[in-house]
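Written out below as structure tokens is the structure these notes cover.
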Amino acid sequence: GVPVSVASLVSVVPACGVEQEQGFGLALHGLALKAGLDSVVNLGNALVDMYGKFCQVEASMQVFEVMPERNEVSWNSAIGCFLNSGLYGDVLAMFREMSERGVMPGSITLSSLLPALVELGYFDLGREVHGYSIKRAIDSDIFVANSLVDMYAKLGSLEKACTVFEKIEVPNVVSWNAMIANLVQNGAETEAFRLVIKMQKDGEQPNSITLVNVLPACSRMSSLKTGKQIHAWSIRTGLIFDLFISNALIDMYAKCGQLSLAQNIFDLSEKDDVSYNALLLGYSQSPWSFESLNLFKEIRSAGIEYDAISFMGALTACTNLCAFKQGKEIHGVLVRRLQSNHPFLANSLLGLYTKGGMLDTATKIFNRITEKDVASWNTMIMGYGMHGQIDVAFHLFDLMKDDGVDYDHVSYIAVLSACSHGGLVEKGKEYFSQMRAQNLEPQQMHYACMVDLLGRTGQLTESVELIQDMPFHANSDVWGALLGACRIHGNIEVAQYAAEHLFELKPEHSGYYTLLINMYAEAGRWNEANKIRKLMKSRKVQKNPAYSWVQSGNKLQAFLVGNG
DNA sequence: TGTGGTTTCC
């Protein structure tokens, strides 16, 4: 055969890593061993790197350890191998060992070390590494600078990230993306979009990563228009075929309430577990929750394993649908399939069992959660309040405070709605002013609770006054609470007032029209009932399965309107 | 031999 040379192997081995040709790579390693060439540094380095790209850590280390001679590239390749496999502690250990052995870490070492430090959350060390890079004058290396930008943004502060970013003479697309991603993650959506424009002025075109980064900003700003523009752009540029892009689009459309558009992308694209989960979560939080349960079944038939997120979506759907039996079944599947205890899954279970009134089960799960977060407490408080055990709810609120939990605005929604269920106007007013004293500004839901509380105890005038005094425009939750109160007390005039706002805010929401029609009908005001019916028709409002807050006995509960 | 990316509870 053809004699094997170091040069030929060194040129082919890296390609195996890139192309994920594991069998071929293994064969080349065999050839090298046979020819006794495995002690050559360059070849050893290439093999360490190749196995690293296959995530075969042991094989990679085996080559590394028997190398008679190592240079900086050998260490960098080993570090890259650990980074690839998510073994961040080992990245750091290798970095320390190479330094101890007198091999000086260079720019390539740092650009692999820094992402590992981000994962480990080691900010102080990150800053030290920054200092070191300045001393060695490698901080201007674009890879190092980009890694520093990302490190500071994720661990330290966006400001420090900006300082490093602004010192970069010619930012590349990675530099821009790192800044944009972190701006979005810190809620600076507008600033992120500004940078997308700026990068183009500076001659850098957004790539798929840029778009993936800004798509969540669209849903968070509920800017469907921008989301659609990005969708169009990705079709024009062919980026739509990128799985990350199609998944981010599914998520964006779902979060903007456009489930049929999300479903369209899903149907037309290549799919992975994230695609299923994104759509599943989207449906679970929409009026079409039952679709997530269909999708949940589909996941297995597609040969994809459930993960924590799929379970969470399915449990949320069951909770919204009040499908408690099905929820219990899914809980069973979950216990059998998932080893580790996910804190957010425990909270989903709490949501299911509290809403279903299975408070003992919920309490057992709650007590078993080792790291209860504020959401765990809030769910329990909400649950006890929802089922009339308001004293327990208030007690839990106090316990949470004693426990040193950093309670939040949702905690106040929980106690305020407990007051509402108990008709405790004064106590509600107390909590309402208390939260202000805690520097928690009341939001829409808090006003909605107060409107509900005042309204259901017959103080409709006070409810209306409260709405008019709000420092911002009331949303549909607030007007919906007022409409619900009017329904209880049969006050059609105030109901009309609330409905006017609701028809404007949620013109597609059939529940509000139906409620007003029923009120007119009950009062025998058929002409007006017909008028609303015609309005509904002219606006093409479909009778979608939608949740409405209605009075049922003494409880405020969600129920299904329509044919869901 | 290197940097930036999608789904997570009330």
Side-chain angles (χ1 to χ4, degrees), chain A residues 14 17 42 45-46 48-50 52-53 71-81 83-84 106-115 118 141-151 153-154 171-182 184-185 207-216 242-252 254-255 272-282 284-285 307-313 315-316 319 342-352 354-355 373-383 386 408-411 413-414 417 445:
Chain A
N42 287 355
N45 291 345
V48 170
D49 182 62
M50 178 193 77
K53 293 222 164 74
N71 56 20
E72 197 204 323
V73 179
S74 327
W75 289 94
N76 289 343
S77 303
I79 286 174
C81 165
L83 182 70
N84 239 334
S107 58
I108 295 180
T109 319
L110 300 196
S111 55
S112 294
L113 171 67
L114 284 163
V118 169
D141 178 280
I142 191 72
F143 287 88
V144 173
N146 291 346
S147 300
L148 284 169
V149 166
D150 195 53
M151 186 273 294
K154 290 207 169 89
N172 64 13
V173 68
V174 179
S175 329
W176 291 103
N177 286 347
M179 274 315 296
I180 290 165
N182 285 297
V184 172
Q185 258 142 38
N207 63 10
S208 64
I209 296 180
T210 322
L211 302 192
V212 163
N213 287 331
V214 289
L215 276 167
D242 183 317
L243 192 52
F244 281 84
I245 288 281
S246 50
N247 287 345
L249 282 169
I250 292 170
D251 176 61
M252 183 275 295
K255 289 217 174 88
D272 67 356
D273 51 337
V274 176
S275 333
Y276 278 92
N277 286 344
L279 190 61
L280 182 86
L281 285 168
S284 74
Q285 282 149 2
D307 63 11
I309 297 173
S310 6
F311 279 115
M312 198 203 57
L315 289 170
T316 306
T319 307
H342 294 265
F344 63 79
L345 261 186
N347 289 346
S348 302
L349 288 168
L350 292 185
L352 177 81
T354 53
K355 191 171 179 196
D373 60 16
V374 65
S376 326
W377 287 94
N378 291 346
T379 308
M380 292 306 290
I381 297 171
M382 201 86 90
M386 200 188 287
D408 61 5
H409 61 102
V410 184
S411 316
I413 295 175
S417 62
M445 272 311 281

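Naming convention: chains lettered A, B, ... in sequence-line order (proteins, then strands); numbering from 1 in each chain.
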List the steps and the verdict of side-chain contact (heavy atoms from CB on, under 4.5 Å) for A:Ser107 and A:Leu110.
CA-CA 5 Å; A:Ser107 58; A:Leu110 300 196; 5.8 Å; no

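- Nearest nucleotide to the side chain of A:Ser77, out of B:dT1, B:dC10, B:dC9: B:dT1.
- A:Asp251 comes within contact range of the sugar-phosphate backbone alone, with a heavy-atom separation under 4.0 Å but no base atom that close.
- Residue contacts shown for A:Asp242 include a base, since a base heavy atom lies under 4.0 Å away.
- When distances are taken from the side chain of A:Lys154 to each of B:dT3, B:dC10, B:dG4, the shortest belongs to B:dG4.
- Considering only side-chain N and O atoms, A:Lys355 lies nowhere under 4.0 angstrom from the phosphate OP1 or OP2 of B:dC9.
- A:Ser107 comes within 4.0 angstrom of a base, heavy atoms only.
- The side chain to side chain contact (heavy atoms under 4.5 Å, CB included) with A:Asn177 is formed by just one residue from the set A:Ile209, A:Val149, A:Leu211; it is A:Ile209.
- Nucleic acid contact class of A:Val374 (heavy atoms, under 4.0 Å, all strands): none.
- Heavy atoms of A:Ile142 sit under 4.0 angstrom from at least one base atom.
- Note on A:Asp307: nothing from the nucleic acid sits closer than 4.0 angstrom, heavy atoms only.
- A:Asn172 and A:Asn146 are linked by a side-chain donor-acceptor pair at a separation below 3.5 angstrom, with hydrogens and angles left out of the test.
- Note on A:Ser246: nothing from the nucleic acid sits closer than 4.0 angstrom, heavy atoms only.
- Checked by distance alone, A:Asp141 brings a side-chain donor or acceptor within 3.5 Å of a matching partner on the base of B:dG2.
- Here A:Leu281 lies in heavy-atom contact (under 4.0 Å) with sugar-phosphate atoms only.
- Within the 4.0 angstrom heavy-atom criterion, only backbone atoms of the sugar-phosphate kind lie near A:Ser147; the bases stay farther away.
- Taking only side-chain nitrogens and oxygens, A:Lys255 never comes nearer than 4.0 Å to OP1 or OP2 of B:dT6.
- For a distance-only test at 3.5 Å, the side chain of A:Ser111 qualifies as a donor-acceptor partner of the base of B:dG2.
- The side chain of A:Gln185 contributes an N or O atom lying less than 4.0 Å from OP1 or OP2 of B:dT6.
- Of the residues listed (A:Val144, A:Val73, A:Ile79), the one engaging A:Thr109 in a side chain to side chain contact (heavy atoms under 4.5 Å, CB included) is A:Ile79, and it is the only one.
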